[in-house]
Q: 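For reference, the structure I am asking about is given below.
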Amino acid sequence: MNWSLMIESIPALLYGALVTVHLLALTLVFGAMLALPLGIAAARGRAPIRLPVMGYITFFRGTPLLVQVFLVYYGLSQFPAVRASFLWPVLREAWFCALLTLALHTAAYTANILRGAILAIPDGQREAALASGMRPYLIYRLVILPQALRIGLPAYGNEMISMMKATSLASTITIMELTGTANTIVARTYAPYEVFISAALIYLCIAFGLARFARAAEARLSRHMRPAVEAKEKFRSAPAHA
Amino acid sequence: MDLLQGWGEEIARGTLLTMQVAVLSLLVGLCWGMLGALAQMSPNRAVAAFGRGFSLVMRGTPELLVILIVYFGGTVALTKAVNLVVADFGFVEVPPLQAGVFALSLVFGGYAAEVLRGAWQSVPMGLIEAGQSLGLGPLVLFFKIRLPLLMRFALPGLGNNWISLIKDTSLISVVGLHELMGLSQMATSVTRQPFTFYMTAALIYLALTLTNTRLIAWMEGRLLRGERRSAA
């Protein structure tokens, strides 16, 4: 182990980690925005809408992300129409392609989680809301989605971590995020252990943070389900520790 | 195959290699998974912590990075080792196939260890005790009582990991293995038709994952047939 090399490479790796987090944050935001209508359509849509959405979900869940990334970044250029279109300056950008593919990918997984969560809510909830005169928009906003969020959150926590790992594939299309940076440093210094293990440790820290965040969000969303006694117990035992 | 411009046979060979790599990683990975699960349940605290740490690291590190570590790290280690024996032998490369299978088996093992430990602990203690009170030996107890239930509990989790593993084999192409993805890249660079070949690869992967999903569902049904109610 060459410790000085390990320490020297840390600033560059941390900058790469910043790019990773940036890419991950944008991916999750756009993915969630896309997943919301898709998930509802997959759970409750009529067949002409539901079936194409299920096809989308099946395709993005059933094929490797690397193929999807290459399909968008290299594949689209095969069509002259795409190269001639006004979108080409954007679609040519590796950063945009990485973001687009990752967002489409996580949207499929997230929509599937949302679909399962919506279907897990007893139908009586929706019927009761309907009977009290609520419109579909209000039913989703006040009754179904808040509960679906809580049911789907544990699975979504895992999805966030798996997307964090998936951002590493952006390095295959020249994005200098954490894995790309590490790979470049290794090519220059030829010290794979030091650099890659440092990178892995940074990934572990991010994963750990995400897991903590998901657990905290879960506790927050299910606070009405905690027995009141537990809270009192905590309160009572507090002075003893203080 | 007009659409594939003569690359059909290559792609078929790549698909075969993809499946071989996946099955090989699965078999080796199951061994890591069993060792990991046993380590996690060990009464020895240090061993248990090591087992948990192994799963944690494998689940929190990108698969691509694990492949890069094994490939480049293995090459450096092997080069050093060979040059110790034979002076100035030069550069020795770990073959991408072995490096990739080893790396993916570790990742699979990390996930499988968690699944197997959970399944092992889900077998009710009362069943084991009942078996013991009947005088069953430890081997009979394991194979006749614990294993059938353990498989039933572990299969859904292992099945998901297996599907991920099939898809992750595409990452080995990054270190130069010419499996389905690697050959598609090669075909693309010759024919300049990236969409055609990457879409073909995508559809083949889709066929593989969908048939394997069906296969797992069928196996789950088989394992649950003891639970099924007879037709009333």
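First the proteins, then the strands, lettered A, B, ... as listed; each starts at 1. Remember, it's a predicted structure, so these values are computed and weren't measured experimentally.
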Q: Can you spot which of Ile69(B), Val76(B), Thr75(B) makes a side-chain contact (heavy atoms from CB on, under 4.5 Å) with Pro192(A)?
A: Val76(B)
Q: Give, for atom OH of Tyr193(A) and atom CZ of Phe72(B), the distance between the pair rounded to the nearest 0.5 Å.
A: 12.5 Å
Q: Which bit of Val57(B) comes within less than 4.5 Å of chain A, counting heavy atoms only: side chain, backbone, both or neither?
A: both
Q: Can you check whether Leu171(B) reaches Leu169(A) side chain to side chain, under 4.5 Å on heavy atoms?
A: yes
Q: For Thr188(B), is it the side chain, the backbone, both or neither that has a heavy atom under 4.5 Å from a heavy atom of chain A?
A: neither
Q: Using atom types as modelled, flag every donor-acceptor pair under 3.5 Å from a side chain in residues 101-116 of chain B to any protein atom, sequence neighbours excluded.
A:
from, atom 1, to, atom 2, distance (Å)
Ser105(B), OG, Trp32(B), NE1, 3.1
Ser105(B), OG, Val101(B), O, 3.3
Ser105(B), OG, Phe102(B), O, 2.7
Tyr111(B), OH, Lys165(A), NZ, 2.7
Glu114(B), OE2, Gln40(B), NE2, 3.1

Q: Return the option, out of Thr172(A), Leu76(A), Asn183(A), with the maximum number of heavy-atom pairs under 4.5 Å with chain B.
A: Asn183(A)
Q: Just so I know, are the side chains of Thr61(B) and Phe196(A) near enough to count as touching, which here means a heavy-atom distance under 4.5 Å?
A: no
Q: Below 4.5 Å from any heavy atom of chain A, which atoms of Leu206(B) appear? Answer side chain, backbone, both or neither.
A: both
Q: Do Thr63(A) and Thr209(B) touch side chain to side chain, with heavy atoms closer than 4.5 Å?
A: no
Q: With a 4.5 Å heavy-atom cut-off (strictly below), which parts of residues 37-61 of chain A touch chain B? List them by number.
A: Thr58(A), Phe59(A), Arg61(A)
Q: Taking atom CD of Gln193(B) and atom CZ of Phe79(A), what is their separation to the nearest 0.5 Å?
A: 9.0 Å
Q: If you round to the nearest 0.5 Å, how far is CE of Met199(B) from CG of Leu71(A)?
A: 5.0 Å
Q: Over 60° means perpendicular and under 30° means parallel, so tell me whether Tyr198(B) and Tyr74(A) are parallel, tilted or perpendicular.
A: tilted
Q: Counting only heavy atoms closer than 4.5 Å, note whether Thr196(B) contacts chain A via side chain, backbone, both or neither.
A: both
Q: Please round to the nearest 0.5 Å and tell me the distance separating atom OG of Ser171(A) and atom CG of Leu68(B).
A: 7.0 Å
Q: List the steps, then state whether side-chain contact (heavy atoms from CB on, under 4.5 Å) holds for Leu64(B) with Leu66(A).
A: CA-CA 10 Å; Leu64(B) 180 61; Leu66(A) 185 64; over 6 Å; no
Q: For Lys167(B) and Pro64(A), which heavy atoms make the closest approach, and how far apart are they?
A: O-CB, 3.5 Å
Q: Could you tell me which residues in residues 202-214 of chain A have at least one non-hydrogen atom under 4.5 Å from a non-hydrogen atom of chain B, sorted by residue number?
A: Tyr203(A), Leu204(A), Ala207(A)
Q: Quick one: does Met181(B)'s side chain get under 4.5 Å of Val67(A)'s, heavy atoms only?
A: yes
Q: Which region of Thr167(A), side chain (C-beta onward) or backbone (N, CA, C, O), has a non-hydrogen atom less than 4.5 Å from a non-hydrogen atom of chain B, or is it both or neither?
A: neither
Q: Is any side-chain heavy atom of Leu65(B) less than 4.5 Å from a side-chain heavy atom of Leu178(A)?
A: no
Q: For His178(B), enumerate each residue passing the side-chain hydrogen bond (donor to acceptor under 3.5 Å, both in side chains) test, keeping only those at least two apart in sequence or located in another chain.
A: none
Q: Report the distance from atom CD of Gln68(A) to atom OH of Tyr205(B), rounding to the nearest 0.5 Å.
A: 11.5 Å
Q: Leu56(B) versus chain A, heavy atoms under 4.5 Å apart: side chain, backbone, both or neither?
A: backbone
